[in-house]
Amino acid sequence: MNYQKPSQPKGTRDFSPVEMNRRNYIFRIIKETFELYGYQPIETPAMENLTTLLGKYGEEGDKLIFRILNSGDFISGIDPSELLNSSSQKISGKISEKGLRYDLTVPFARYVVQHRNEITFPFKRYQLQPVWRADRPQKGRYREFYQCDADVIGSDSLINDAELLVMADQIFRKLNIGVAIKLNSRKILTGIAEIIGHPDKIIDITVSIDKLDKIGIDKVNEELAERGLDQSAISKLQPIINLSGSNEQKLDRLKELLTSSEIGKAGIEETAEVLKFAEQMGIVDKPELDLTLARGLNYYTGTIIEVKATEAGIGSLSGGGRYDNLTGIFGLPGVSGTGISFGADRIYDIMNEKNLFPEHTSGATHVLLINFGGNESIACLKLASFLREHNINTEFYPEDAKIKKQFAYADNKQIPWVVIIGENELATNTMQLKNMHTGEQKTADQQLLLQIITE
RNA sequence: GUGAGUAUAGCUCAGCUGGUUAGAGCAUCAGAUUGUGGUUCUGAGGGUCGUGGGUUCGAAUCCCAUUACUCACCCCA
């Protein structure tokens, strides 16, 4: 080999047929669940105008947006002296006007604003598409990954927030993944920031206490101090961070602590309401109120949701929350939305790690017909179309290769059933049906074949 | 953006403090087996040791640079 080995860009992946069938299994369950609750699919383009994307994800987020170079002679309009003297940021604004989508929520907000006259509110949509982030990849983090979002926009009702929790509960149970569903409220966090006397530091506070699980209380306090909180504020924060007990107990205690904060009290009430609705909808794995849950995106204003795998430090599998004014930025104020996003790739990783996929994911070939050539192959071709009419994924081996080779092919592709029609079978109008898993083989006719392989 | 590690066959890796023609397992292909895979046996193909430079009689091995990847931090699905 004397050519440069080809490779994909870092943080991106190829998906093999086996992987795709498994990924589709995840997508199917997510879609089905979304649709059970009345969410309908939309898609938006891979690229958006930078004006749509920039400023929505904070300073860090802006840096992580993949920019697309303008087509044509993108450098022509620029003064050479400008190239030398101005920052790369400024220049990039001149040579790039589009970027790859960073998440699905902001494009959705854009979609809603643009199509507001065609949409009936409340609008429930889901969207399963890749997003791109120019991050440094690492475990469970990719530069191209799929998000599966469900959002309701144009409804203030907390039933929607509860519905998201219930859907998350259902999806992870269907997938057989053990998770902890966590709930918080941005309003409670705001209330906390108010009563400790640092309403302006809410982001710093939330980012720091979000790490509690990971780095421990001492480090969190250190970081809070570094971020400019005085000691009295930090000590006021301690009883709040350390709240324990049931959700009810936590909420009761919070009521006492946040009496002086109107917004804090509202958050407590709303959270109690969301939990009540979720319970009435029959949620199985009860969400846990977790005040250290903050989530990065700045646009959440109410409920905050996160789902983590019970074991495995792979980060969150799903996250979401309520945003009161996302469409406001695009000129449609006063529309509240709430939504949740599932990270398909992390879900895949964890299912793979724990062997949670069913043995045969649909999409794979179900039956292979062995090719003997001649008249036998005519019988096989007819049988194959019969099976396909019954919606059974069927392959006829295209060459009359050695039987051994054909069987090895079936084995390799993990095809569960193999049918043999040779000279003898052709004469008696039968076939040999072999179960590749057990090795059992029996004589069958068309009807028996259909019956056996569909049970 | 910051820090650390790795780079040898399609994949996973071995190759000791530098010493002839670079190894294994798995995978692939062929045969043992002309109607039977997942077990066994035999054989074959496949590598300018990431790239460029340096030290040396001699470099996969030591040094420098560079690129790519991995892991962690920041941040996040």
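We name chains A, B, ... by the order of the sequence lines, and we start the count at 1 in each one. Values reported hereafter were calculated over all heavy atoms of this structure, with side chains retained and with hydrogens, waters and symmetry mates removed.
Comparing rA72(B), rU70(B), rA77(B) by their nearest atom to the side chain of Lys139(A) picks out rA72(B). Closest to the side chain of Gln138(A), out of rA72(B), rC75(B), rG35(B), is rA72(B). The side chain of Arg346(A) lies closest to rC76(B) when the candidates are rC74(B), rC76(B), rG35(B).
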Please list, for nucleotides 1-7 of chain B, all pairs of protein and nucleotide N/O atoms separated by less than 3.5 Å.
{"from": "rU2(B)", "atom 1": "O4", "to": "Arg136(A)", "atom 2": "NH1", "distance (Å)": "2.8"}

Short N/O separations, protein against nucleotides 37-41 of chain B, under 3.5 angstrom:
{"from": "rG37(B)", "atom 1": "O2'", "to": "Asp411(A)", "atom 2": "OD2", "distance (Å)": "3.0"}
{"from": "rG37(B)", "atom 1": "N7", "to": "Lys434(A)", "atom 2": "NZ", "distance (Å)": "3.1"}
{"from": "rG37(B)", "atom 1": "N1", "to": "Met436(A)", "atom 2": "O", "distance (Å)": "2.6"}
{"from": "rG37(B)", "atom 1": "N2", "to": "Asp411(A)", "atom 2": "OD1", "distance (Å)": "3.2"}
{"from": "rG37(B)", "atom 1": "N2", "to": "Met436(A)", "atom 2": "O", "distance (Å)": "2.5"}
{"from": "rG38(B)", "atom 1": "O4'", "to": "Asp411(A)", "atom 2": "OD2", "distance (Å)": "2.7"}
{"from": "rG38(B)", "atom 1": "N2", "to": "His437(A)", "atom 2": "O", "distance (Å)": "3.2"}

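Nucleic acid contact for Gln441(A): base, since at least one base atom lies under 4.0 Å from a heavy atom of the residue. Glu425(A) comes within 4.0 angstrom of a base, heavy atoms only. Across all strands, Lys413(A) comes closer than 4.0 Å to no nucleic acid atom at all (heavy-atom distances). Nucleic acid contact class of Val207(A) (heavy atoms, under 4.0 Å, all strands): sugar-phosphate only.
Between the Asn247(A) side chain and the Pro287(A) main chain, a donor and an acceptor come within less than 3.5 Å of each other.
Residues that satisfy the side-chain hydrogen bond (donor to acceptor under 3.5 Å, both in side chains) test with Lys182(A), not counting sequence neighbours, are Asp290(A). For Glu376(A), there are no side-chain hydrogen bond (donor to acceptor under 3.5 Å, both in side chains) partners, not counting sequence neighbours. Under the side-chain hydrogen bond (donor to acceptor under 3.5 Å, both in side chains) criterion, Thr51(A) pairs with no residue at all, not counting sequence neighbours. For Ile378(A), the side chain to side chain contact (heavy atoms under 4.5 Å, CB included) criterion is met by Asn375(A), Lys382(A), not counting sequence neighbours.
Results of the salt bridge (charged side-chain N to carboxylate O under 4.0 Å, His left out) test with Arg23(A) over Asp14(A), Asp349(A), Asp345(A) single out Asp345(A) as the only residue that passes.
Sorted by first and then second residue, the pairs that involve residues 411-428 of chain A and meet salt bridge (Lys or Arg N to Asp or Glu O under 4.0 Å), not counting sequence neighbours, are Glu395(A)-Lys413(A). Under the ring-ring contact (aromatic ring centres under 6.0 Å, His included) criterion, the residue pairs touching residues 11-31 of chain A are Phe27(A)-Tyr146(A), with sequence neighbours excluded. The salt bridge (Lys or Arg N to Asp or Glu O under 4.0 Å) pairs that include a residue from residues 429-453 of chain A number zero, where partners must be two or more places apart or lie in different chains. A salt bridge (Lys or Arg N to Asp or Glu O under 4.0 Å) check over residues 28-49 of chain A, counting only residues at least two apart or in different chains, returns the pairs Glu48(A)-Arg110(A).
Atom C1' of nucleotide rG50(B) and atom NZ of Lys10(A) are separated by 16 Å, given to the nearest angstrom. Protein atom CG of Asp345(A) is 8 Å distant from nucleotide atom C1' of rA77(B), rounded to whole Å. Between the CD atom of Glu376(A) and the P atom of rU34(B) there is a distance of 18 Å, rounded to whole Å. The CG atom of Leu293(A) sits 12 Å away from the P atom of rC76(B) (whole-angstrom rounding). Spacing between atom CZ of Phe145(A) and atom P of rC76(B) amounts to 12 Å, rounded to whole angstrom units. What separates CZ of Arg227(A) from P of rC74(B) is a distance of 9 Å, to the nearest Å.
With centroids closer than 5.5 Å and planes inclined by less than 30 degrees as the test, Phe372(A) and the base of rG35(B) fail to qualify as a stacked pair.
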Tabulate below the donor-acceptor pairs under 3.5 Å that side-chain atoms of residues 170-177 of chain A make, not counting sequence neighbours, or state none.
{"from": "Gln170(A)", "atom 1": "NE2", "to": "Tyr37(A)", "atom 2": "OH", "distance (Å)": "3.0"}
{"from": "Arg173(A)", "atom 1": "NE", "to": "Asp169(A)", "atom 2": "OD1", "distance (Å)": "3.3"}
{"from": "Arg173(A)", "atom 1": "NE", "to": "Asp169(A)", "atom 2": "OD2", "distance (Å)": "3.4"}
{"from": "Arg173(A)", "atom 1": "NH2", "to": "Asp169(A)", "atom 2": "OD2", "distance (Å)": "3.2"}
{"from": "Lys174(A)", "atom 1": "NZ", "to": "Thr33(A)", "atom 2": "OG1", "distance (Å)": "3.1"}

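Among the duplex regions that RNA chain B forms, those built from at least three successive Watson-Crick or G-U pairs under 3.5 Å are B:1-7 with B:67-73, B:10-13 with B:23-26, B:28-32 with B:40-44, B:50-54 with B:62-66, ordered by first number.
Closest-nucleotide positions on RNA chain B for Tyr142(A) and Lys402(A) were compared, and the one nearer the 5' end corresponds to Lys402(A).
In this structure, Arg125(A) forms no cation-pi arrangement with Tyr39(A), as its terminal cationic atom is not both closer than 6.0 Å to the ring centre and no more than 45° off the ring axis.
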